[in-house]
There are 2 protein chains.
Amino acid sequence: MDLTRRQKEILSFIQKEIEEKGISPSVREICGHFGLKSTSGVHRILKALERKGYLASAPGKKRSWRPTRLQGGLYKKRLSVLGQIAAGLPIDAQEEVLEELPVDSGLFGQEGCFGLYVRGDSMTGLHIKDGDIAIIRPSRDVEDGEVAAVMVEGVISEATLKIVRKKKGRVELHAANPLYEPLVFEGADAEGVKILGRLVGLIRRGI
Amino acid sequence: MDLTRRQKEILSFIQKEIEEKGISPSVREICGHFGLKSTSGVHRILKALERKGYLASAPGKKRSWRPTRLQGGLYKKRLSVLGQIAAGLPIDAQEEVLEELPVDSGLFGQEGCFGLYVRGDSMTGLHIKDGDIAIIRPSRDVEDGEVAAVMVEGVISEATLKIVRKKKGRVELHAANPLYEPLVFEGADAEGVKILGRLVGLIRRGI
DNA sequence: TATTATAGTGAACATTTGTTCACTATACAA
DNA sequence: TTGTATAGTGAACAAATGTTCACTATAATA
């Protein structure tokens, strides 16, 4: 019940194609990859792989040859989109993942980033639109003038994007839109400002 | 960006079929399941789901409609950034790849997309900044009013982002910035407008 | 030797299937 | 009202594709 060299080659080609492209190769595409000129030889090999239990197909249906065993693909670290973050919960709470984007989170400089759907028009001055996905790198603190995802205990119950301005003894949260007044926190109130992380990137889809 | 009821039904049917049977349903199988008698209506819905980023397909290939997310992340294809495209060269010329982003190009609805670095401020009205990476889906043509990467023979020697407006016998290329005058091409000149593809997404790094 | 399993070529067939075009209809908003 | 987005029907085209038949060739084995 062992596989011949050709059978192994074709089986692994099919696995690779499905992994890379998401659809199974046609018989002619398999021929092309191996420089073969006739489909019937490949078709016979597919039948052999089916008989030996490595492939399955829906007879007559296009691109239906596929492996029976799911190759346990270890996918790269993906980017989680956390829609709303309940107050007090740590960022790494996994229950809130709304979506996993097929993006290596290292794209934005460091792993461990996460995404937040942007709602509203408070950041249009920085060309961040409603519907965008803001990429946040977790951090307890940011520099003066940087954009951060923040929550304020008792005031803002979900994460919002703000420009953080630090003055002596107070913290100002500015929108990038003149229609919105800055929020100013002084003294003890400034302690309530919780910084979730710094804005490091943006993804926009469905334009 | 929301889905209609029909769109949700069809998306979830495709997900279920792939999960249960291992291959994507054909357009006619989708019709059959919902008791519809014509494929073109379903096809239009598939295109809508593609435009909204929920499905991807390999155009013309059988049974290639499949989810881009919320399902199995089998797709690892990366996104190539083509900085400048020399006039006359086909889009698929691989020599111009400036960078490979660790992003599944299916994130933006369809495989085969590529990126272009955005330079200048001509698209700030659409909140596209200098330094952004515009994600382009190759296409010979776009609908009136859509944003596209275009070249004009003898006038624009590298790809630029423009809003394409089609009138009778002429083509207008608008910037999304009142500082820039639209370019108007009439008659024979309109033939020189080469559309490289449609804007489908955006990535911003290093904020 | 004869037999068997495996591979490959070449041609052809019949379907499946994605895609498009031209209509119609409905709901909703400007 | 007009326009726009969404759905649906019906017909048709062109290409992709699985499958089969008839051949040849090579290596291993009884």
Side-chain angles (χ1 to χ4, degrees), chain A residues 1-11 13-14 17-18 21-66 206-207, chain B residues 1-11 13-14 17-18 21-52 54-66 109-112 137-146 165-167:
Chain A
M1 267 326 228
D2 274 347
L3 301 184
T4 67
R5 192 179 64 205
R6 240 334 177 224
Q7 289 168 359
K8 286 179 188 169
E9 285 173 350
I10 288 181
L11 176 59
F13 175 69
I14 292 174
E17 285 289 297
I18 291 178
K21 305 186 177 171
I23 62 173
S24 182
S26 70
V27 180
R28 280 166 186 79
E29 285 171 354
I30 299 171
C31 288
H33 179 262
F34 292 100
L36 301 176
K37 298 175 180 174
S38 175
T39 60
S40 59
V42 167
H43 189 260
R44 197 192 302 112
I45 292 172
L46 295 176
K47 291 295 239 183
L49 284 165
E50 182 184 53
R51 178 168 42 82
K52 294 179 179 179
Y54 290 85
L55 287 183
S57 86
K61 296 191 173 173
K62 323 299 185 189
R63 296 178 180 274
S64 67
W65 287 103
R66 61 201 182 279
I207 295 177
Chain B
M1 271 305 273
D2 274 347
L3 300 185
T4 66
R5 192 177 65 208
R6 245 324 181 227
Q7 288 168 0
K8 285 179 189 168
E9 286 174 350
I10 289 183
L11 175 60
F13 175 68
I14 293 175
E17 284 291 295
I18 291 179
K21 304 186 178 172
I23 63 173
S24 181
S26 69
V27 180
R28 280 165 185 79
E29 284 171 356
I30 298 171
C31 289
H33 179 262
F34 292 99
L36 300 176
K37 299 176 181 173
S38 175
T39 59
S40 59
V42 167
H43 189 259
R44 196 193 304 109
I45 293 172
L46 295 176
K47 292 292 241 184
L49 285 166
E50 178 183 63
R51 177 167 44 79
K52 295 181 180 180
Y54 290 84
L55 288 182
S57 85
K61 294 192 174 174
K62 322 299 184 188
R63 295 176 181 277
S64 67
W65 288 102
R66 62 204 182 282
Q110 194 180 27
E111 287 174 10
R137 178 163 64 199
S139 167
R140 302 272 184 284
D141 201 4
V142 295
E143 300 293 311
D144 177 58
E146 289 184 332
R165 296 228 169 265
K166 299 171 164 185
K167 318 255 168 163

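These numbers were taken from a predicted model, which means no experiment stands behind them. Just so we're on the same page: letters track the sequence lines, and every chain starts at 1.
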Next on the checklist: Tell me the closest heavy-atom pair linking E50(B) and S57(B), and the distance in Å.
Outcome noted: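 For E50(B) and S57(B), the tightest heavy-atom pair comes out as OE2-OG, 3.7 Å.
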
Rounding to an integer number of Å, can you tell me how far [X] [atom1] sits from [N] [atom2]?
| X | N | atom1 | atom2 | result |
| --- | --- | --- | --- | --- |
| L46(B) | dG8(D) | CG | C1' | 14 Å |
| R5(B) | dG8(D) | CZ | C1' | 14 Å |
| L36(A) | dG10(C) | CG | P | 11 Å |
| I45(A) | dT19(D) | CD1 | P | 15 Å |
| I30(A) | dT19(D) | CD1 | P | 11 Å |
| E29(A) | dG18(D) | CD | C1' | 13 Å |
| I23(A) | dT16(C) | CD1 | C1' | 15 Å |
| I14(A) | dT17(D) | CD1 | P | 14 Å |

Checklist entry - Is any side-chain heavy atom of L46(B) less than 4.5 Å from a side-chain heavy atom of I14(B)? => result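 The answer is yes; the side chains approach within 4.5 Å.
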
Item to check | Heavy-atom protein contacts under 4.0 Å, nucleotides 19-30 of chain C, coded B base, S sugar-phosphate only, - none | outcome: BBB---------

Next on the checklist: Return whichever of A48(B) or K62(B) has its heavy-atom-nearest nucleotide of DNA chain D closer to the 5' end.
Outcome noted: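 In this pair, the answer is A48(B).
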
Checklist entry - Think R63(A) has a side-chain N or O under 4.0 angstrom from the OP1 or OP2 of dG18(D)? => result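 Result: no.
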
Checklist entry - Short question: side chain of R44(A), backbone of V42(A) - any donor-acceptor pair under 3.5 Å? => result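 No.
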
Checklist entry - In chain order, what residues pass the ring-ring contact (aromatic ring centres under 6.0 Å, His included) check against F34(B), with sequence neighbours excluded? => result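 Scan of F34(B) (ring-ring contact (aromatic ring centres under 6.0 Å, His included), adjacent residues dropped) gives F13(B).
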
Show me the donor-acceptor pairs, under 3.5 Å and distance only, between side chains in residues 22-33 of chain B and residues at least two apart or in other chains.
unit_1, atom_1, unit_2, atom_2, d
S24(B), OG, W65(B), O, 2.4
S26(B), OG, E29(B), N, 3.1
E29(B), OE1, S26(B), N, 3.1
E29(B), OE1, R63(B), NH1, 3.1
E29(B), OE2, K61(A), NZ, 3.1
E29(B), OE2, R63(B), NH2, 2.8

Checklist entry - Applying the side chain to side chain contact (heavy atoms under 4.5 Å, CB included) test to L55(A), which of I45(A), I10(A), L11(A) qualifies? => result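 One option only clears the test, and that one is L11(A).
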
